[in-house]
Amino acid sequence: MKKISLLLSCLLTLCLLNAQPPHVVKHLKITVLSTMLANAGLGEWGFSALVEADGTRILFDTGSHDSTVLKNSRNLKLDLSTVPTLILSHNHDDHTTGWLTLRKYLQSVQSNSLQVTHVAPGFLATRMNADGTEDHHRYQDSIAYAAMKGTLVSHDHFTEIFPGIYLTGPVPRRYPETNYNTRGRYKNNAGEIVEDNIPEDMSLVIRTEEGLVLLSGCGHSGIINNTSYIQAQLHQPIYTAIGGFHLFNTPDDKIQWTAKELKAAGIKYFMGAHCTGIEPVYQIREWAGLKRGDCRVGAVGDVFETGKGFIAAALAR
Ligand SMILES: [Zn+2]
Ligand SMILES: [Zn+2]
């Protein structure tokens, strides 16, 4: 009996020695490079943000015009040529139009700029136009990107892509958040034409000392579907949510539910940019009990920084 308990305690010690604590990003800075509101630079219906997490630099989405992200980054004195990693949250043009032009230009400055692009399954799927014709744009873009020596990586599940930095991959639709245009159609793997609920829509998550930070492109998979899925994976409060959350035409009762769920998830900072809409941000501020400076409409040049919260462009203060 003594031998068995000794063996068990040795095994337990070995387990404890092997169980490494999760990596925590010490300094995180997120700068908005594309959204509708702009204090200086160019505003557009689109989204893009630069993520700087300790030494890791990531571009998240690329805006809706060829040159917006490049022009706004120059204006903000941010050098994108030293950013090797790109994440495209989903297939829509307002997040992907800058993809090839940015790679082409930045590659001429530094060969590995935006050399790896992360997406989720469904990103390359054929979309159906309103007149019944097929749209192969993202597939064609991927061929052009490969010709520019770019590598496309597709994630079909929750993944830690860098220490303390995670991609959700496709988000389970646990709650009926229909934060997309239900008239859209796409061709699934079986070749059937079905409702396009943007199956590839994914978010970025960063683990910091203060909690988790969520960065979303359009939030078509639903902000609460995202927060609940992320918390089930990482077991920590989500204290900051930034990006497009596609709430602009969501009814009041659903915004109220969203605010309540965000509060329960631990939200302290909320920046609704792009398709979040204006009024829903103020409703979330009220119903989640957040302060003016901590819950705001995002503008080009706005910054979130660990330990500081939001540093907003003048128009959005
Ligand atoms: Zn979208
Ligand atoms: Zn969008």
Side-chain angles (χ1 to χ4, degrees), residues 30-38 42-51 59-69 72 86-102 117-130 135-139 141-142 154-155 167-171 173 177-187 194-204 214-226 241-250 258 270-281 297-300 302:
I30 296 176
T31 309
V32 177
L33 295 177
S34 161
T35 187
M36 286 82 116
L37 195 62
L42 301 169
E44 61 175 8
W45 178 282
F47 189 69
S48 175
L50 177 66
V51 177
L59 185 65
F60 183 89
D61 286 347
T62 57
S64 65
H65 290 84
D66 284 340
S67 58
T68 306
V69 169
N72 284 342
L86 172 65
I87 291 161
L88 293 174
S89 62
H90 65 296
N91 81 89
H92 288 162
D93 293 349
D94 53 331
H95 299 254
T96 59
T97 298
W99 184 18
L100 298 180
T101 44
L102 277 167
T117 297
H118 298 266
V119 298
F123 178 81
L124 300 179
T126 300
R127 260 67 197 194
M128 305 306 296
N129 295 318
D135 175 349
H136 304 284
H137 279 128
R138 291 303 83 80
Y139 177 71
D141 288 348
S142 73
S154 185
H155 300 273
L167 274 176
T168 59
V171 176
R173 311 291 170 97
E177 295 179 284
T178 315
N179 297 347
Y180 53 87
N181 181 350
T182 53
R183 292 190 303 277
R185 295 289 178 271
Y186 86 109
K187 214 181 241 187
V194 296
E195 181 182 90
D196 186 3
N197 66 352
I198 303 94
E200 75 275 18
D201 184 61
M202 65 175 178
S203 300
L204 184 71
L214 162 67
L215 182 60
S216 163
C218 252
H220 294 304
S221 47
I223 182 169
I224 304 306
N225 283 328
N226 274 268
I242 296 170
F245 294 105
H246 212 273
L247 297 169
F248 65 93
N249 56 5
T250 301
T258 301
F270 183 85
M271 181 191 284
H274 181 36
C275 54
T276 311
I278 309 283
E279 190 58 26
V281 175
V297 177
V300 171
D302 278 3

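These numbers were taken from a predicted model, which means no experiment stands behind them. Atoms within each ligand, like the ligands themselves, are counted from 1 in listed order.
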Item checked: Polar side-chain atom of Thr117 near backbone of Leu86 as donor-acceptor pair, under 3.5 Å -> no

Check: Is the shortest distance from a Lys or Arg side-chain nitrogen in Asp135 or Lys187 to a carboxylate oxygen in the other one below 4.0 Å?
Finding: no

Note to self: Whether the side chain of Glu177 engages the backbone of Ile224 through a donor-acceptor N/O pair (distance < 3.5 Å, no angle test) should be reported.
What the structure shows: yes

Check: With the Zn ion (ligand 2) at the apex, how many degrees lie between OD2 of Asp94 and SG of Cys218, rounded to 10 degrees?
Finding: 160°

Next item on the list: Report yes or no: does Cys275 have an N/O/S atom closer than 2.8 Å to the Zn ion (ligand 1)?
Entry: no

Next item on the list: Without swapping roles, check the side chain of His220 against the backbone of Asn179 for a donor-acceptor pair under 3.5 Å.
Entry: yes

Margin query: Under a plain distance cut-off of 3.5 Å, with no hydrogens placed, do Asn226 and Ser221 share a side-chain donor-acceptor pair?
Written below: yes

Notebook entry, point to check: Are any N, O or S atoms from His246 nearer to the Zn ion (ligand 1) than 2.8 Å?
Noted result: no

Next item on the list: State whether His92 contributes an N/O/S atom found under 2.8 Å from the Zn ion (ligand 1).
Entry: yes

Next item on the list: May I have the angle between His95 NE2 and His274 NE2 with its vertex at the Zn ion (ligand 2), rounded to 10°?
Entry: 100°

